[in-house]
Amino acid sequence: MKVSTTIAEVRSQVKEWKRQGLSVGLVPTMGYLHEGHQSLIARAARENDRVVVSVFVNPIQFGPSEDLESYPRDFERDCTLCEKTGADLVFHPEASEMYAENFCTYVDMDRLTKGLCGASRPVHFRGVCTVVSKLFHIVTPDRAYFGQKDAQQLAVIKRMVRDLSMDVEIVGCPIIREPDGLAKSSRNTYLSPQERRAAVVLSQALAEGRKALAEGERSAQAITGIIRGVLESEPLAQPEYVELVDWETLEPVETADRPVLAAIAVRIGTTRLIDNFVFEEGPECN
Ligand code: PAF
């Protein structure tokens, strides 16, 4: 497995692969990899001849009061994990390689980015769309893999690819959970043992919402009320939002009469965690 820190090196490696007729999968990450990332890399390795994993803590997707400085990092461990999971190239640029001095061009999106996490993180999705577009230009992947855990991000990237006619297939992959149900996240490391025990309430609350939907409840108010009720039973949990939205447009719905995303953001102490499920009639897709 090769590690590259420059755009030029990645471009020349990918050009060589393409010259040989090989397909390329991309797994964009911010590092501190866990089993969730590993499942994306493993799937990319199954579906492509070559796999590029980017490890880059993207400064422009963090707001001024967010955790850019403290975001966990362990590049050596990331490389070991990438290699054993089937990556061929790790792209690990410095911020100055990705954003030249006086960088001032962004990819921005209306509507889908305004609600859910976008309501409290106003620059986040502009940063995500910009870095992901750059990675697509640099790596020119046939397929790119994103976790369903960041459901809004997945919907936003699918929309960006559609709206800007980008030639890449976006593959959404299921949430990977701890045995007690907590969705895997690099930010779980911020939790104290007591907070970690409390954090299980996110998946428990969503399970109750999903059960109500499965039993035929269709009122968004009723479903979000059930989810909120479970969250409020945990004294350490402070819900930021509990929403039921259209899975494609991310607009709030009153009735779950189409594929819907139930999404929550909850503070456990100072750590902000997110989780979700997608519900549609027939076979479940999350
Ligand atoms: O999901 C993430 O880790 C990041 O938002 C991404 C897609 C790698 C862009 O920096």
Side-chain angles (χ1 to χ4, degrees), residues 7 10 25-41 43-44 51-63 66-75 77-79 81-82 85 87 89-99 103 106-109 112-113 116-118 120-139 141 143-161 164 166 168-176 183-190 250 263 265 271-276:
I7 294 169
V10 174
L26 169 67
V27 182
T29 82
M30 297 210 298
Y32 213 71
L33 305 180
H34 50 67
E35 288 89 334
H37 299 108
Q38 240 179 319
S39 75
L40 306 182
I41 301 168
R43 176 144 177 207
V51 175
V52 179
V53 179
S54 60
V55 174
F56 177 59
V57 183
N58 175 34
I60 68 164
Q61 71 185 68
F62 289 79
E66 292 182 358
D67 57 345
L68 172 61
E69 294 310 322
S70 58
Y71 195 84
R73 293 160 168 89
D74 188 344
F75 186 60
R77 195 179 140 270
D78 289 346
C79 282
L81 201 141
C82 283
T85 315
L89 171 63
V90 172
F91 177 39
H92 183 49
E94 292 287 341
S96 56
E97 176 73 4
M98 290 298 273
Y99 302 113
F103 177 93
Y106 298 90
V107 178
D108 211 346
M109 185 183 292
L112 276 79
T113 61
L116 304 175
C117 292
S120 64
R121 307 189 72 192
V123 300
H124 178 67
F125 289 108
R126 182 177 86 152
V128 170
C129 288
T130 302
V131 80
V132 170
S133 305
K134 283 180 66 82
L135 290 167
F136 288 173
H137 286 303
I138 296 163
V139 179
R143 295 174 199 84
Y145 296 79
F146 295 88
Q148 171 72 33
K149 154 101 181 338
D150 295 300
Q152 186 174 16
Q153 170 171 281
L154 178 58
V156 162
I157 287 167
K158 280 184 179 163
R159 181 61 67 92
M160 174 182 81
V161 164
L164 298 183
M166 294 176 166
V168 53
E169 182 191 334
I170 301 302
V171 183
C173 302
I175 299 176
I176 304 295
K184 300 250 182 196
S185 162
S186 307
R187 290 188 170 100
N188 291 350
T189 54
Y190 297 153
L250 304 184
T271 306
R272 183 178 179 280
L273 299 176
I274 56 173
D275 200 349
N276 68 82

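In each ligand, atom 1 is the first atom listed, and ligand 1 is the first ligand listed.
For ligand 1, the protein residues within 4.0 angstrom (heavy atoms only) are Pro28, Thr29, Met30, Asn58, Gln61, Val128, Val131, Phe146, Asp150, Gln153.
With hydrogens and angles ignored, the 3.5 Å screen pairs no side-chain donor or acceptor of Gln61 with any backbone N or O of Val123. Panel note: side chain Arg73, backbone Tyr71; a donor-acceptor pair is recorded below 3.5 Å.
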Without placing hydrogens or testing angles, list every side-chain donor-acceptor pair under 3.5 Å for residues 125-136, not counting sequence neighbours.
| unit_1 | atom_1 | unit_2 | atom_2 | d |
| --- | --- | --- | --- | --- |
| Thr130 | OG1 | Val107 | N | 2.9 |
| Thr130 | OG1 | Arg126 | O | 2.6 |
| Ser133 | OG | Cys129 | O | 2.6 |
| Lys134 | NZ | Met98 | O | 2.8 |

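Take His92 and apply the ring pair (Phe, Tyr, Trp, His ring centres under 6.0 Å) test, not counting sequence neighbours, and it matches Phe75. With sequence neighbours excluded, no residue satisfies side chain to side chain donor-acceptor pair (under 3.5 Å) with Tyr32.
Note: His37 and His34 have tilted aromatic rings, judged against thresholds of 30 and 60 degrees for the angle between ring planes.
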